[in-house]
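Naming: A, B, ... by sequence-line order, numbering from 1 per chain.
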Amino acid sequence: MSAAAQKGFRYIGKKRRTKEDPRFVTGRGRFVADIALAGMKHVALVTSPHAAARIKAIRADRALALAGVHCVLTGAELCAAVEPLLPGVDAPKVTRYPLAHGVVRYAGEWVAAVVADTRALAEDAAERIEVDYEPAEYVLDPEKAVLPGSVLVHPLHGSNVLYRRKFVWGPVEADFARAEHKLALRVRWGRSATVPIETFGVAAQWDPGRQLLDVWASIQMPKYPDQTARALRLPGNAVRVHFDVDVGGSFGVKRGLKHTVLVGYLARKLGYPVRLIEDRLENMRGGDMHGPDRIFDVQVAFDGDGTIRSLKIRALDDVGAYAGRSPLQLGKPVGAIVGPYQIHSVEYEPISVMTNKTAQEAVRGFGQSPTNYALETAIDRVARHLGMDRIALRQKNFIRKDQFPYLIPSGTSYDSGDFHTVLDKALAAADYPALLAARDAARRAGRLAGIGISSCLEPSGGNSAFEPLFNPKNETTTWMDSCLVRVDLSGAITGVMNTSSAGQGHDTLVATVLGEVLERAPDTIRVVHADSLNALPSNSPVGSRMAIMLGGAAAGAARKIKAALFAIAAHKLNQDLADLEYHEGSVSVKGDAKRMLSWDQLVEIAHRKFHQMPSGLEPGLQAKFVWEVPTGGALPTADGRIQMYPCFSFEAHVVLVEIDPATGQPKLVRYACGHDCGVMISPDIVHGMTCGGIAHGIGAALYEKFAYSDNGQLESQSFMDYLIPSAMEVPAIAIVDHCSPSPHTSFGQKGSGEAGYLGAPAAIACAVNDALAPLGTSIDALPMTPLQIWTRMRDVRAGN
Amino acid sequence: MSEQLYPISIEVNGTLREALVPARLSLVDFLRDTLRLTGTHAGCEHGICGACSVLLDGEPVRSCLMYAVQADGRKLTTIEGLAQPDGTPGALQDAFCEAHATQCGFCTPGMVISAHALLETNPAPSEHEIREAIGGNLCRCTGYQQIVDAIKLAAAKREAPTP
Ligand code: FES
Ligand code: FES
């Protein structure tokens with residue numbers, strides 16, 4: 001079925017060039033820093049040097065004395081003029097403003113903004129602003145912050161806990177009591193993030209004549225225009241976000257709402273366009289884009305034959321000093337809390353705790369990759385405990401392909417899959433017997449080598465069911481997306497999408513889908529991004545959703561166009577619809593191809609010849625389609641069961657690692673990934689995102705960490721201390737495809753935007769620990785940096 | 001504050017460009033803001049990411065680590081200069097399209113510049129040599145594989161140019 005499902009399409013699944021690449025390879029992208037508005041001024045920021053402090057005084061005279069410096073804005077003015085930004089959970093006292101208001105809560109928090117003729121001048125001026133602070137107590141350790149009596153990051157909130165709930169799905173205690181074995185483990189996912197190569201930026205311009213704020217931003221954020229307007233106390237239709245800005249990578253984090261509110265306020269106050277482009281330090285420190293930082297305590301109940309019966313997971317997540325949607329990153333994993341395994345019952349206790357660090361934002365996978373790392377580590381631990389082969393243990397517990405749709409204890413139904421086959425394909429691609437031989441040969445030669453396996457799900461189709469799950473006051477049950485299709489008088493097709501893109505190839509997606517349905521060459525189809533006042537509803541490219549949601553909306557709109565063409569032809573040819581057939585845009589009478597109306601003729605009737613139109617059909621040729629997330633639309637049950645996302649992609653990773661005994665440097669010798677995201681619309685795009693996700697996962701597993709000193713200073717503030725894998729650290733990756741079509745989508749597609757990242761950290765961690773196993777040790781925290789590995793090897797040897 | 005300005009003249013993509021610039025103006029800002037050649041990107045402004053790479057007398061350099069005045073009298077090629085005269089992709093850029101070696105496109109100009117410099121000196125590089133040559137260009141989207149493929153493809157096409 002798998003190969004067949006991917007066949008039978010005209011354009012879908014074919015090797016075709018993308019629409020976006022030509023402009024990027026020639027340097028003709030249009031990124032936010034490329035947008036130059038006449039008379040534009042630039043913002044620089046004054047930031048807190050303290051992890052916690054009271055602001056006693058701010059003196060800006062020396063800055064304002066510089067020619068070309070126009071304004072110094074502080075929290076006292078701004079916070080009175082805008083609405084606070086609230087976290088995604090019910091915590092109304094945890095307020096965030098773009099600029100600190102009386103107190104600072106982390107080192108790097110913005111205290112004042114300077115507007116000047118150039119960015120360099122604004123930065124000069126920022127250095128001349130003097131701020132008197134009275135340092136205060138702070139808390140950095142989430143395990144201390146969660147305790148009663150801790151120093152409070154937001155005293156008005158009354159505790160540092162933003163969210164905490166213990167979910168019990170199924171007979172957990174009974175299953176634990178019945179199980180023959182139990183084990184417990186603790187693993188820690190380190191604070192890293194997606195760190196796109198483009199920092200965040202935003203430009204805004206206020207038009208007093210129209211009472212309209214125009215915004216250009218490097219944004220990937222649901223409800224961004226609405227939230228900007230709300231914070232600025234403007235009606236929604238007074239903010240126009242231009243979505244035709246190329247976003248230089250995001251993978252979740254580009255949620256620059258505070259930046260936008262600041263710049264929007266300044267543009268309106270000053271009367272000229274204002275732009276803020278983060279520098280890299282700004283991006284890493286005050287840009288509020290750190291990712292999950294989690295301690296997992298996992299207990300597993302299992303039998304001697306390897307059957308895993310039940311799980312208890314406690315996840316303590318350090319979200320930093322403020323929270324946007326980040327507490328909800330503990331919510332999405334509810335939809336795949338048992339991974340690809342048949343596990344009968346689960347207890348899950350997510351705890352979101354604040355500390356005096358940079359705020360957490362959404363990161364690729366929205367909390368799923370850390371959870372997968374904890375789960376897969378637990379599976380390996382069970383295998384070791386039982387002396388069972390890790391692969392056999394996984395295969396034993398995998399949901400079988402004849403069990404779909406498969407309902408997991410937390411209320412989500414998995415749509416389709418064939419986990420056994422995909423893992424087999426990955427093992428074959430890696431040549432597993434050869435891999436074992438290579439590992440063992442390396443070991444015999446006195447080197448450290450290990451093999452890692454991971455298998456996990458990519459929930460896709462980006463619903464927002466974690467909102468009502470984590471906040472009963474929030475009754476969001478739709479997370480729609482839309483597409484508008486226009487066929488103009490010349491017969492050319494234009495697809496309109498409603499958000500910006502950050503490298504996911506949405507123009508290609510829409511053109512391919514429209515081309516597929518209408519049987520017109522995708523190369524001739526133009527795709528544009530509406531601004532937010534022209535846009536139909538969209539929830540932006542989050543949660544691996546666009547192939548499903550935008551692809552589905554485009555297909556729906558194209559089918560409406562096709563239906564209109566049929567209706568016009570039936571009327572003109574005086575035939576029943578059932579007697580007509582469609583071929584590459586023309587409609588003809590079945591069995592009588594000469595009685596035919598061409599695309600051009602049909603388009604001309606629609607646009608010019610109302611007298612030839614059937615009654616009830618609107619003139620012109622256009623259609624919109626707004627689509628609710630399939631399987632969505634319901635609120636959670638009282639015990640917190642919910643259909644989280646509609647579709648479930650699957651990936652299996654196999655990796656061989658060798659560790660340099662002298663330096664602790666791990667080298668990924670062989671990497672294979674079996675991947676099933678249903679029908680691939682653009683294989684090149686899927687493969688590229690998967691490789692990129694693996695590279696990102698290599699970083700999270702081995703190199704990347706936002707480390708803090710004991711006094712709350714961020715120690716990784718540049719690419720010299722925050723290490724992103726280069727082409728030398730990322731190996732050649734063998735990707736093998738499989739196709740289990742989703743029954744919920746227009747062509748059987750599933751999501752793939754988070755592919756690779758969801759399983760790579762788990763696989764690499766398992767490989768490093770397999771390499772360390774002969775030393776009788778393991779590392780239970782990411783990233784496993786070369787220094788950490790080297791230190792562990794030294795300690796073990798010293799102990800010996 | 002009036003900064004002292006210095007006259008510079010640089011040949012950029014074959015055209016002589018003259019300007020008066022302050023001493024501290026970086027080359028990347030000169031290219032982007034003064035000349036409006038926005039294909040050269042600034043990803044870190046501290047010499048690590050490689051997004052700002054340009055060719056200075058044929059050698060790849062990081063334009064964020066140079067002042068515009070240091071390029072006075074030299075020849076520069078930016079990503080725009082590697083396209084065909086009508087703005088469509090040049091041969092190497094076309095290989096990047098064929099292999100889908102770009103996603104968000106932010107690192108891409110720097111990657112293409114590094115790849116171009118490699119192929120000029122080593123027309124048939126090994127995979128390891130390719131990875132080394134782009135080792136100073138960070139990409140967060142692609143995992144580098146399709147970039148490596150694109151450079152291999154471009155090298156192969158140079159070997160056997162289409163008649
Ligand atoms: S911007 Fe020059 S190396 Fe990053
Ligand atoms: S394509 Fe986005 S950083 Fe390389």
Side-chain angles (χ1 to χ4, degrees), chain A residues 17-18 20-31 33-34 36 66-68 118-121 124 194-199 246-251 277 279-280 501-505 682 684-685 687-696 718-720 724-728 730 732-733 756, chain B residues 1-2 22 24-25 29 32-33 36-49 51 78-80 82-83 87-90 92-94 96-109 112 127 130-148:
Chain A
R17 290 189 171 202
T18 75
E20 294 86 349
D21 288 356
R23 73 171 185 268
F24 291 142
V25 300
T26 50
R28 305 275 169 190
R30 185 169 176 260
F31 298 89
D34 303 342
L66 290 177
T118 67
R119 188 167 167 226
L121 184 57
D124 289 346
T194 73
V195 195
I197 305 302
E198 182 206 44
T199 60
D246 290 314
V247 178
S250 173
F251 325 100
I277 305 289
D279 66 17
R280 188 51 69 178
S501 299
Q504 304 96 330
S682 303
D684 276 0
I685 290 179
H687 294 150
M689 292 199 290
T690 308
C691 280
I694 290 171
H696 182 193
S718 75
F719 284 155
M720 280 175 278
I724 287 180
S726 77
M728 299 302 284
V730 179
I733 296 163
Chain B
M1 190 169 71
S2 62
R24 70 169 178 172
L25 182 71
D29 285 351
R32 291 181 48 80
D33 299 339
R36 293 298 297 152
L37 289 169
T38 54
T40 302
H41 295 155
C44 69
E45 299 169 274
H46 57 259
I48 303 289
C49 77
T78 69
I79 186 68
E80 291 91 346
L82 295 182
T88 57
L92 175 58
Q93 293 167 330
D94 188 70
F96 268 61
C97 293
E98 179 60 23
H100 183 50
T102 165
Q103 287 178 38
C104 78
F106 201 77
C107 72
T108 311
V112 173
E127 166 141 359
I130 292 173
R131 286 182 179 270
E132 246 174 7
I134 59 167
N137 292 80
L138 297 178
C139 175
R140 200 52 158 168
C141 298
T142 64
Y144 306 103
Q145 186 134 314
Q146 286 158 321
I147 296 173
V148 172

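- Note on B/R24 versus A/D124: salt bridge recorded, some NZ/NE/NH1/NH2 to OD/OE distance being below 4.0 Å.
- Neither the backbone nor the side chain of B/D29 has a heavy atom closer than 4.5 Å to any heavy atom of chain A.
- Interface residue B/E98: backbone and side-chain heavy atoms are both found under 4.5 Å from chain A.
- Considering every non-hydrogen atom in both A/C691 and B/T142, the closest pair reads CB-O, 3.3 Å.
- Between the side chain of B/R140 and the backbone N or O of A/G248 there is no donor-acceptor pair closer than 3.5 Å.
- Both the backbone and the side chain of A/P22 come within contact range of chain B, judged by heavy atoms closer than 4.5 Å.
- The distance from the OG atom of A/S726 to the CD atom of B/E132 is 10.0 Å, given to the nearest 0.5 Å.
- Between A/D34 and B/R32 a salt bridge is recorded (basic side-chain N to carboxylate O distance below 4.0 Å).
- Separation of atoms CZ (A/R17) and NE2 (B/H100) is listed at 12.5 Å; rounding is to 0.5 Å.
- The two atoms that bring B/A83 and A/T26 nearest to each other are CB-CG2, 4.1 Å, heavy atoms only.
- With a threshold of 4.5 angstrom between heavy atoms, A/A502 approaches chain B through N, CA, C or O but not through any side-chain atom.
- Taking OG1 of B/T88 as the start and CZ of A/R28 as the end, the distance is 10.5 Å to the nearest 0.5 Å.
- The minimum heavy-atom distance linking B/C97 with A/V25 is given by the pair SG-CG2, 3.7 Å.
- Using a 4.5 Å cut-off between heavy atoms, A/V730 contacts chain B through both its backbone and its side chain.
- Rounding to the nearest 0.5 angstrom, the gap separating the CD1 atom in A/I733 from the OH atom in B/Y144 is 11.0 Å.
- Both the backbone and the side chain of A/I197 come within less than 4.5 Å of a heavy atom of chain B.
- Expressed to the nearest 0.5 Å, how far CD of A/E20 lies from SG of B/C104 amounts to 11.5 Å.
- Counting all heavy atoms, side chain and backbone alike, A/F24 lies closest to B/Q103 at CE1-O, 3.4 Å.
- In this structure A/H696 satisfies the ring pair (Phe, Tyr, Trp, His ring centres under 6.0 Å) test together with A/Y757, sequence neighbours excluded.
- Residues B/C141 and A/F251 approach most closely at SG-CZ, 3.5 Å, considering heavy atoms.
- Listed by chain and number, the residues in a ring pair (Phe, Tyr, Trp, His ring centres under 6.0 Å) with B/F96 amount to none (sequence neighbours excluded).
- A donor-acceptor pair is defined here as one N or O able to donate and one able to accept, closer than 3.5 Å; such a pair exists between the side chain of B/Q146 and the backbone of A/D684.
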